[in-house]
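Only one structure is covered here, and it is reproduced in the block below.
The structure presented is a predicted model; accordingly, all values stated were derived computationally and were not measured.
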Amino acid sequence: MAEVQRLKAALRGAFANRAMAYLYFFKAIAKRHGEDEAAEIMKEALYARGCEIGRLFGHVEPTDMEGIRDAFLDFIPDHDLLDPEVRRADVGGVDIKFHRCPLKEAWAEAGLSEPDIAKLCEIAGVVDNGTFEGAGFEFSAETWKPGEEGCCFLHIRPGA
C-alpha cells in the first residue's frame, strides 16, 4: 500500500508541476504580449495538445456515448485526484462534474487569487475541447468560477 500512496503523491506532484508551468508560461507571455494574447496563445497550444489526446479515443464512434464515457473515465489515472461524477450518460450525451482538480488546488496552494485561478482554469480547460472535438464529439464545458463548488463540468454530445 505504501507504493500506491507514493505513486499517488508523485502523480499529484506531476499535476502541480504542470499547473505551475501553465502559470509561468502565462506570466511570461503576458509580460511581452498582454494577458489577452497570452490566454489566446495558451489556448491554441492546449487545444492542439487536446486534439492529439483525442486520437486515443479514435476507436470510439462519435455517437457512442457509453463508449466515450467509459474510455474517458478509464483514461483518468487516479479518480481521487478529480473525483468525477457522471451526472448524465445516455444516447444524447455524457455530463461529468469534477469535484476536485489538482491544477486548481496547486494554484490555490501557490496563493493565487480566485479570479486568477478561474482565468487559468478557463485556459487549461481548452485541452478538453481539443480532446473531445478531436475525437469527433461535440463538446462544451463550464470551468470553475469563484464561489462555485468543485471544478469543471464537461458536456460531451454525439458528433456528426
Side-chain angles (χ1 to χ4, degrees), residues 8 11-26 29 35-108 112 114-160:
K8 284 179 176 269
L11 182 60
R12 177 172 297 288
F15 270 100
N17 183 56
R18 179 175 144 203
M20 298 316 292
Y22 286 178
L23 172 63
Y24 287 107
F25 279 121
F26 179 79
I29 298 167
E35 287 190 3
D36 290 343
E37 185 71 11
E40 290 307 311
I41 290 168
M42 290 187 66
K43 286 178 181 181
E44 180 181 332
L46 289 167
Y47 186 88
R49 176 62 184 134
C51 287
E52 289 179 346
I53 295 167
R55 291 187 203 132
L56 297 173
F57 304 116
H59 65 284
V60 180
E61 291 295 321
T63 55
D64 182 359
M65 296 291 92
E66 182 178 304
I68 194 61
R69 177 202 62 207
D70 293 345
F72 181 64
L73 291 174
D74 287 346
F75 176 74
I76 297 170
D78 181 7
H79 284 218
D80 291 341
L81 285 176
L82 299 166
D83 193 14
E85 175 192 358
V86 176
R87 292 195 176 169
R88 175 185 179 182
D90 56 39
V91 297
V94 174
D95 295 332
I96 301 172
K97 173 69 176 178
F98 290 105
H99 294 283
R100 298 186 65 192
C101 175
L103 300 176
K104 180 182 151 220
E105 291 168 3
W107 294 320
L112 272 66
E114 286 192 342
D116 286 344
I117 293 170
K119 182 185 313 177
L120 288 167
C121 285
E122 178 186 337
I123 292 167
V126 172
V127 74
D128 294 324
N129 292 77
T131 297
F132 293 107
E133 291 170 8
F137 294 86
E138 296 292 323
F139 179 78
S140 66
E142 300 158 44
T143 57
W144 178 83
K145 303 285 184 282
E148 292 182 354
E149 295 295 320
C151 204
C152 296
F153 193 10
L154 311 183
H155 308 287
I156 310 161
R157 299 296 179 261

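Contact record, D80 with K8: OD2-NZ, 2.8 Å, taken as the closest heavy-atom pair. Closest of all the heavy-atom pairs between P158 and V91 is CG-O, 3.5 Å. What you find for A135 and G54 is that their closest heavy atoms are CB-O, 3.6 Å. Shortest non-hydrogen contact noted between C151 and K104 is SG-CD, 3.9 Å. In plain terms, the two heavy atoms of P146 and P115 that are nearest each other are CG-N, 4.1 Å. Smallest separation of non-hydrogen atoms from A141 and H155: CA-CD2, 4.3 Å.
Note that CH2 of W107 is 10.5 Å distant from CH2 of W144, once rounded to the nearest 0.5 Å. Rounded to the nearest 0.5 angstrom, M20 CE and L23 CG are separated by 4.5 Å. From I156, atom CD1 reaches atom CZ of R88 across 11.0 Å, with rounding to the nearest 0.5 Å. The CZ atom of F139 lies 5.5 Å from the CZ atom of F132; values are rounded to the nearest 0.5 Å. Note: E105 CD to I117 CD1 = 10.5 Å, rounded to the nearest 0.5 Å. Between the CG atom in L73 and the CD1 atom in I96 there is a gap of 4.5 Å [rounded to 0.5 Å].
Between F137 and T63 the shortest side-chain heavy-atom distance does not fall below 4.5 Å. In this structure, L103 and L120 have side chains that are not in contact, with every pair of non-hydrogen atoms separated by 4.5 Å or more. Between L46 and Y22, some side-chain heavy-atom pair lies under the 4.5 Å cut-off. Between Y47 and V127, every side-chain heavy-atom pair lies at or beyond the 4.5 Å cut-off. For the pair I41 and F25, the minimum side-chain heavy-atom distance is 4.5 Å or more. Annotation: side chain of M65 is not in contact with side chain of R157 (no heavy-atom distance under 4.5 Å). Using a 4.5 Å cut-off on side-chain heavy atoms (C-beta onward), F57 and I68 make contact. Contact check for L82 versus P102: side-chain heavy atoms found under the 4.5 Å cut-off.
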Could you go through D36 and E40, starting from their C-alpha distance and side-chain angles, then the distance that decides it, and tell me whether this counts as side-chain contact (heavy atoms from CB on, under 4.5 Å)? CA-CA 6 Å; D36 290 343; E40 290 307 311; 5.7 Å; no
Could you please spell out the steps behind the side-chain contact (heavy atoms from CB on, under 4.5 Å) verdict for V86 and F72? CA-CA 11 Å; V86 176; F72 181 64; over 6 Å; no
Start with the C-alpha distance between F15 and L81, add both sets of side-chain angles, then the distance that settles side-chain contact (heavy atoms from CB on, under 4.5 Å), and finish with yes or no. CA-CA 9 Å; F15 270 100; L81 285 176; 3.6 Å; yes
Run the side-chain contact (heavy atoms from CB on, under 4.5 Å) check on M42 and I29 step by step: do they pass? CA-CA 9 Å; M42 290 187 66; I29 298 167; 4.1 Å; yes
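D74 CG: more than 12 foreign heavy atoms inside a 6.0 Å radius. For E44, the CD atom is loosely surrounded, since the number of other residues' heavy atoms within 6.0 Å does not exceed 12. Atom CD of E85 has more than 12 neighbouring heavy atoms from other residues, nucleotides or ligands inside a 6.0 Å radius. Residue-environment remark: CZ (F153) exceeds the threshold of 12 foreign heavy atoms within 6.0 Å.
Judged by distance alone, the side chains of E149 and H99 never bring a donor and an acceptor atom under 3.5 Å apart.
Salt bridge annotation for D95-K97: absent, with no cationic side-chain nitrogen under 4.0 angstrom from a carboxylate oxygen.
One N or O on the side chain of D90 and one on the backbone of G93 form a donor-acceptor pair closer than 3.5 Å.
Applying the salt bridge (Lys or Arg N to Asp or Glu O under 4.0 Å) test to every pair with at least one member in residues 121-145, sequence neighbours left out, gives these pairs: K43-E122.
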